[in-house]
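Beneath this line is the structure, given in structure tokens, with notes to follow.
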Amino acid sequence: MTALSVTLAFVAAVALLLRWQRPAWYWMSFGVVFAVVRILARYASVMDACGLTVPPSRWRLALARMTGRPIPESRAPRILRLRPTRTGLVLRVKLQPGQDAFDFSAASDRLRHSFVMQNVSAREIRSGVVELRMTGYDVLKRVQMPAVGRSGVMRVPVAMREDGEVYHRDYRQTPHALNIGATQSGKSVYQRGLVAALAPLDVALVGIDCKQGVELAPLARRFTALADDQDAAADLLDALVEHMQEVYQLIRREQRLSADLPDAEITADIWDLPDHLRPTPIVLLVDEVAELALYATKDEEKRRDRIITDLVRLAQLGRAAGVYLEICGQRFGSELGKGITMLRAQLTGRTAHRVNDETSANMAFGDIAPDAVLATVQIRTDRPGTAVAGDSSGGWVRIRTPHLTLRRAVNIANSHAHRTPEIPALDAFRPVLSPLGKTAAPSAASAPAIA
């Protein structure tokens with residue numbers, strides 16, 4: 001008996017230690033078992049308490065009256081599957097007649113408390129089936145990205161979602177995006193992670209960093225073109241617009257609109273072109289858009305209008321030509337001058353890190369997802385890298401970028417420097433760098449799992 005008590009005490013101590021120091025290990029060893037038992041034992045009562053049951057049908061009531069049996073209880077959604085994951089549980093349920101997926105979304109917070117889980121989110125799988133994704137611990141407290149392989153063409157993993165899934169930046173689905181955040185909010189680390197994730201792909205990186213290049217210049221070996229001041233940025237954007245027009249001329253020549261050609265082979269963008277003709281896709285990263293929009297003299301105003309006009313043209317027309325925009329800034333409102341709101345309207349993806357005021361959050365989500373505005377202003381200052389990510393459809397989710405040091409990002413960029421493509425229209429803006437010495441050569445082991 002004494003040995004059994006000592007063993008139980010030891011197991012309990014190990015469980016408490018893991019829950020405190022290694023929540024992921026605790027979940028995989030102890031937490032998942034406790035959570036499954038708790039959910040199955042409480043399921044019917046929790047559904048009833050959260051208003052997710054329906055009264056018995058009329059024929060069941062009539063049958064109970066005819067046979068003199070007790071009136072049947074309300075019916076809860078039927079469990080189709082309960083699947084453990086590395087971060088939580090996935091519960092798939094079959095809705096009862098009269099129920100809606102919105103009922104589960106509205107009750108997600110009550111379900112979280114009732115099942116004693118960290119987070120619960122609901123989404124409709126198909127008509128009549130809802131999936132509840134539950135996390136057993138705070139996955140955003142200490143971000144650990146799983147080792148994922150290449151996710152697809154122009155689709156890269158960049159952060160962890162609050163529901164335990166990996167957040168991907170998909171440029172073909174969401175071509176252009178806005179990334180705002182206050183100083184020390186993690187905006188630059190998010191951008192750094194994007195460069196590290198894109199470095200192994202066959203893509204041209206073009207950067208505009210008007211802070212004299214302090215953010216993007218260390219990664220310059222992987223950049224096809226880089227501008228570090230407003231004058232160079234204006235010329236670079238002009239060259240990008242000319243390149244875009246040349247790509248459209250190529251697409252027009254290769255559309256192949258003959259009458260006997262199947263519709264599936266007619267192309268209207270670079271992705272339907274043959275491999276040997278397809279131009280290299282370009283991702284343009286603008287580190288601080290306000291530096292491009294501010295001016296103090298008449299000459300600077302002309303340069304500013306030229307820059308904003310080119311950005312708007314690239315945002316409106318660049319997708320089919322394989323030009324994608326990643327615009328970063330602390331604020332992005334109408335006070336930056338004419339053309340800014342037109343540019344913002346073309347940026348489908350929205351990512352907002354911690355902001356200093358509600359107005360800044362409204363600039364990102366006020367016109368598409370008012371709930372996301374409240375979530376943005378609630379981001380804590382002690383969690384840099386936490387952000388709210390969404391798009392113009394109104395959907396949004398909390399994410400957090402894993403911390404990536406500049407040294408590791410430089411190592412990744414240098415190790416993939418041989419992938420940097422040459423684009424003739426941008427040769428004048430290619431960074432001029434000294435040869436990489438043997439002592440500075442990066443090792444492949446320095447790349448993080450997300451790359």
Side-chain angles (χ1 to χ4, degrees), residues 15 18-40 43 46 79-93 101 104-105 107-125 129-152 155-170 186 189-190 193 197 351 353 371-372 375-376 378-380 383-391 395-404 448-451:
L18 288 178
R19 186 173 185 178
W20 178 40
Q21 292 290 338
R22 293 289 185 269
W25 296 2
Y26 168 80
W27 171 255
M28 295 300 296
S29 55
F30 299 98
V32 64
V33 178
F34 297 153
V36 169
V37 173
R38 185 167 57 245
I39 289 174
L40 294 179
Y43 180 75
V46 167
I79 297 178
L80 297 180
R81 184 174 67 181
L82 180 60
R83 177 172 59 89
T85 66
R86 59 183 293 273
T87 58
L89 297 171
V90 177
L91 176 63
R92 188 169 292 187
V93 298
F104 288 83
S105 299
S108 59
D109 202 49
R110 285 175 286 171
L111 292 173
R112 176 175 69 89
H113 289 291
S114 301
F115 288 140
V116 196
M117 303 296 286
Q118 179 66 31
N119 181 70
V120 175
S121 60
R123 67 186 182 100
E124 182 179 348
I125 300 298
V129 178
V130 168
E131 184 177 86
L132 301 176
R133 301 194 69 91
M134 299 178 267
T135 52
Y137 59 96
D138 189 358
V139 297
L140 301 185
K141 183 178 181 180
R142 185 182 300 164
V143 179
Q144 295 179 340
M145 296 286 288
V148 295
R150 184 171 179 175
S151 303
R155 185 173 184 265
V156 293
V158 293
M160 179 69 76
R161 295 161 43 122
E162 65 176 344
D163 60 2
E165 294 293 300
V166 176
Y167 176 75
H168 291 82
R169 177 71 175 92
D170 191 340
V189 176
Y190 177 88
T351 303
H353 292 76
D371 293 342
T376 301
Q378 292 177 342
I379 295 176
R380 294 159 47 180
R383 287 201 175 184
T386 304
V388 175
D391 53 45
W396 60 275
V397 66
R398 291 185 183 88
I399 64 171
R400 192 178 187 190
T401 310
H403 181 65
L404 178 65
I450 64 172

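Treat the numbers as computed from the prediction; the structure is a model and nothing was measured.
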Quick one: closest heavy-atom pair of P157 and A197, and the distance? O-CB, 3.9 Å

If you define the side chain from C-beta out and look only at heavy atoms, does anything of T135 sit under 4.5 Å from Y137? no

Looking at V129, is its backbone amide N or carbonyl O close enough to the side chain of R92 to form a donor-acceptor pair, meaning the two atoms are under 3.5 Å apart? no

Distance-only donor-acceptor pairs under 3.5 Å for side chains of residues 26-33, two or more places apart:
| from | atom 1 | to | atom 2 | distance (Å) |
| --- | --- | --- | --- | --- |
| W27 | NE1 | T85 | O | 3.2 |
| S29 | OG | W25 | O | 2.7 |
| S29 | OG | Y26 | O | 3.3 |

Nearest-0.5 Å distance, CE of residue M160 to CD of residue E165: 8.5 Å

G136 and Q118: which non-hydrogen atoms are nearest, and at how many Å? C-CB, 4.1 Å

Distance-only, no hydrogens or angles: does the R38 side chain make a donor-acceptor pair with backbone N or O of F115 under 3.5 Å? yes

Euclidean distance, R400 CZ relative to H403 NE2, rounded to 0.5 Å: 10.5 Å

Value rounded to 0.5 Å, distance of OG1 in T87 from CZ in R161: 11.0 Å

Closest heavy-atom pair, P402 versus A159, reported as atoms and distance to 0.1 Å, is CD-CA, 4.1 Å

Is any side-chain heavy atom of H353 closer than 4.5 Å to one of I379? no

Using 0.5 Å steps for rounding, measure from the CG atom of L140 to the CZ atom of R383. 6.5 Å

To the nearest 0.5 angstrom, please state how far the CZ atom of R123 sits from the CG atom of L132. 10.5 Å

From CA spacing to verdict: side-chain contact (heavy atoms from CB on, under 4.5 Å), Y43, L91: CA-CA 11 Å; Y43 180 75; L91 176 63; 4.2 Å; yes

Separation between OG (S108) and CE (M117), nearest 0.5 Å, reads 13.5 Å

Decide yes or no on side-chain contact (heavy atoms from CB on, under 4.5 Å) for R169 and Y190, but give the supporting numbers first. CA-CA 11 Å; R169 177 71 175 92; Y190 177 88; 4.3 Å; yes

How about V93 and F104: do any of their side-chain heavy atoms sit closer than 4.5 Å? yes

Do the non-hydrogen side-chain atoms of R22 and R142 ever get within less than 4.5 Å of each other? yes

Indicate the atoms forming the closest heavy-atom contact of N119 with R112, along with that distance. CA-CD, 3.7 Å

Please examine the side chains of V158 and T401, heavy atoms only from C-beta on, and report whether any two atoms are closer than 4.5 Å. no

